[in-house]
Amino acid sequence: MTAWKARQALIGPTGSEQLIAYSLSVEAVFGNLRALLGQISGLLILIQSRLQRDAADLPDLAIARERWAETIEQLADLNVPDSRAEDRPRLKAAAAHIDAALRAIAEMRRTRADDNVSEAARHLNNAYRLMQRVCDHRIGLTMIDTSVSCCSCGKTLK
Amino acid sequence: MPDYSIWILEYSYSNKFHKSGVIYSAHNEGYIKLPYCYTVIKGNGHVAMVDVGYNNKDYAKEFAESLFVENWHSPKVVLAEIGLAPEDVDTVFISHAHFDHFGNVGDFPNATFYIQEREIAKWVWAMSLPERMRFLLTGIDPGDILNGVELARQRRLVCVDGDMDDVLPGIDLHAAPDTHTYGSMWFAVRNDGKRNSQDAWVLAGDLIYKFENLGDVSGNGGAPDGRYLPVGLAVGSQTNLINVTEEMVKLVGGETRRVLPPHEERLKSRYPSRITRDGLRVTEVALAHGEKSRVTD
């Protein structure tokens with residue numbers, strides 16, 4: 001089954017071609033933001049558990065920063081249908097919070113680490129809430145990927 | 001008499017989970033009921049849990065439609081069936097970070113959580129990979145990891161590196177790296193407190209889903225009468241899953257009934273159980289000295 005047909009089946013007969021095309025392109029943006037959110041959150045746990053405050057040097061952060069920049073470009077290119085008009089501002093706002101979280105971690109060497117952890121976590125919580133408001137499993141936008149642990153075959157086949 | 005009572009509490013279930021997801025090689029064998037459960041261990045002045053389930057608030061509709069999950073009830077309702085409240089829980093062992101195990105930490109305000117550091121570290125790695133490698137993120141909610149940040153800030157998250165004995169008296173944590181997940185963990189309750197226990201129970205997390213995974217083909221709960229089969233869903237190695245199954249079975253002297261898979265529906269016919277008014281199962285595996293049964297009158 002092609003990705004297009006799989007998504008068409010999931011959205012149902014009322015889905016326009018524009019919505020199907022959008023769902024396939026926004027999924028990558030959403031997936032990147034979701035992964036960034038999880039990655040940075042995990043780093044914050046490790047920073048605290050290892051008492052390792054110079055997180056700004058971690059290679060993972062450089063990878064996250066690159067991915068964030070790539071995601072911003074993808075976000076700008078989205079062709080958003082009217083029915084999903086609120087998605088772009090929400091995703092942009094979520095991306096801004098993730099950027100702020102990355103900057104808070106980068107600041108850790110210069111200020112009190114606990115404050116930076118709190119600041120980063122606050123931004124990530126805001127980003128998470130914004131992304132939750134965009135979620136719609138029919139167009140592949142979910143905070144948990146259960147596509148291989150369920151029986152709705154073809155949901156994300158590509 | 002046993003030191004700890006052990007209950008396995010169902011908090012939700014899927015009536016249509018594909019069998020190949022739980023037993024490797026069970027292709028084209030249709031669907032089974034998959035209970036979602038957590039385990040309560042009470043004794044020695046502690047109330048501990050293995051895993052905390054997920055919070056249905058955000059996912060009810062999505063899970064109902066995609067995983068056929070239904071009848072979710074909160075820990076407050078579920079724990080009340082054994083006379084406890086979430087606030088009573090002082091220790092939580094997280095078998096792994098999938099949403100249905102690590103997804104509801106907020107409901108346990110007084111608990112300290114134990115998780116393998118590898119489980120966090122490797123999810124961080126997996127999340128840094130390109131979208132085309134997303135399989136490696138199956139079942140993870142980044143929001144749960146984010147909630148872990150707050151636990152760590154409150155000094156209520158202990159990241160464990162490997163095995164750890166007597167975390168509570170007679171309760172040991174066993175690491176199972178690169179199995180069901182990167183940093184899965186299983187638990188031994190030595191219910192007589194002895195190092196070479198004659199009354200040990202293994203809480204298997206998702207390293208074992210069904211009796212078949214344990215080679216318990218007949219379902220008798222004795223020594224394995226068939227081959228071990230790995231669980232169907234894993235990001236680690238089948239070899240590691242088989243090796244850890246052997247470790248578990250050896251720890252209980254070959255008595256597979258002492259290895260407890262929380263997703264196994266047939267636990268209800270092996271141990272005293274009852275169905276609550278809400279249609280959820282309470283299974284009583286062990287009763288500590290002085291503890292009254294929660295499944296019989």
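Protein chains get the first letters and strands the later ones, always in sequence-line order, with residue 1 at the start of each. Treat the numbers as computed from the prediction; the structure is a model and nothing was measured.
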Chemist: For the pair A:R67 (side chain) and B:L129 (backbone), establish whether a donor and an acceptor sit closer than 3.5 Å, ignoring hydrogens and angles.
Modeler: yes
Chemist: Taking atom CD of A:E66 as the centre, report whether more than 12 heavy atoms of other residues, nucleotides or ligands fall under 6.0 Å from it.
Modeler: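 No, not enclosed.
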Chemist: Taking every non-hydrogen pair under 4.5 Å, which of B:I140, B:V22, B:L157 racks up the most with chain A?
Modeler: B:I140
Chemist: Assess the side chains of B:N147 and A:Y128: does a donor N or O sit below 3.5 Å from an acceptor N or O?
Modeler: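 No, because no side-chain N or O of B:N147 sits under 3.5 Å from a partner of the opposite role on A:Y128.
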Chemist: Please state whether the side chain, the backbone, both or neither of B:L146 comes within less than 4.5 Å of a heavy atom of chain A.
Modeler: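 For B:L146, backbone and side chain are both near chain A.
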Chemist: Can you say whether A:R34 sits under 4.5 Å from chain B via the side chain, the backbone, both, or neither, judging by heavy atoms?
Modeler: both
Chemist: To the nearest 0.5 Å, what is the distance between CD on A:Q39 and CD1 on B:I145?
Modeler: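 If I round to the nearest 0.5 Å, the distance is 12.0 Å.
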Chemist: If you count every heavy atom of other residues, nucleotides or ligands that lies below 6.0 Å from B:D161 atom CG, does the total exceed 12?
Modeler: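 For B:D161, atom CG is not crowded (no more than 12 foreign heavy atoms under 6.0 Å).
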Chemist: Counting heavy-atom pairs under 4.5 Å to chain A, which of B:P130, B:A126, B:A152 comes out on top?
Modeler: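 Of the candidates given, the most pairs with chain A belong to B:A152.
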Chemist: Out of B:G103, B:G21, B:G143, return the one with the most heavy atom pairs under 4.5 angstrom to chain A.
Modeler: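 The option with the most such pairs is B:G143.
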Chemist: Counting only non-hydrogen atoms closer than 4.5 Å, does A:D136 touch chain B with its backbone (N, CA, C, O), its side chain (CB onward), both, or neither?
Modeler: neither
Chemist: For A:D82, is the CG atom crowded, meaning more than 12 foreign heavy atoms sit under 6.0 Å from it?
Modeler: no
Chemist: Looking at A:Q48 and B:V149, what are the two nearest heavy atoms and their distance?
Modeler: NE2-O, 3.5 Å
Chemist: Do other residues, nucleotides or ligands put more than 12 heavy atoms under 6.0 Å from B:K33 NZ?
Modeler: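 Yes.
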Chemist: Distance check, rounded to the nearest 0.5 Å: B:L137 atom CG versus A:I144 atom CD1?
Modeler: 12.0 Å
Chemist: Above 12 or not: heavy atoms from other molecules or residues under 6.0 Å from OH of B:Y24?
Modeler: no
Chemist: Between B:W125 and A:I63, does the side chain to side chain contact (heavy atoms under 4.5 Å, CB included) criterion hold? Intermediate values first, please.
Modeler: CA-CA 10 Å; B:W125 164 77; A:I63 295 168; over 6 Å; no
Chemist: First locate atom CE of A:M143, then atom CG of B:D144, and finally report the distance between them rounded to the nearest 0.5 Å.
Modeler: 10.0 Å
Chemist: Do you know which two heavy atoms are closest between A:S49 and B:C159, and how far apart they sit?
Modeler: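 Shortest heavy-atom separation between A:S49 and B:C159 comes out as CB-SG, 3.7 Å.
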Chemist: Please indicate whether A:R65 has more than 12 foreign heavy atoms, meaning atoms of other residues, nucleotides or ligands, lying under 6.0 Å from its CZ.
Modeler: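 Atom CZ in A:R65 is crowded, with more than 12 foreign heavy atoms closer than 6.0 Å.
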Chemist: Taking the basic N atoms (NZ, or NE/NH1/NH2) and the acidic carboxylate oxygens, is any pair closer than 4.0 Å for B:R134 and A:E27?
Modeler: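 A salt bridge is present here (some side-chain N lies under 4.0 Å from a carboxylate O).
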Chemist: Is the CD atom of A:E86 crowded by more than 12 outside heavy atoms at less than 6.0 Å?
Modeler: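 No, not enclosed.
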Chemist: Using atom types as modelled and distance alone, determine if a side-chain donor or acceptor of B:E131 lies under 3.5 Å from a backbone N or O of A:A28.
Modeler: no
Chemist: Going from CG on A:L61 to OG on B:S128, what distance comes out if it is rounded to the nearest 0.5 angstrom?
Modeler: 11.0 Å
Chemist: Could you tell me which of A:L37, A:N125, A:N32, A:L36 has the largest number of non-hydrogen atom pairs under 4.5 Å with chain B?
Modeler: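 Heavy-atom pairs under 4.5 Å are most numerous for A:N125.
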Chemist: Quick check on A:R133: does its CZ atom have over 12 non-hydrogen neighbours (other residues, nucleotides or ligands) under 6.0 Å away?
Modeler: no
Chemist: How long is the span from the CD1 atom in A:I45 to the CD atom in B:E150, to the nearest 0.5 Å?
Modeler: 11.0 Å
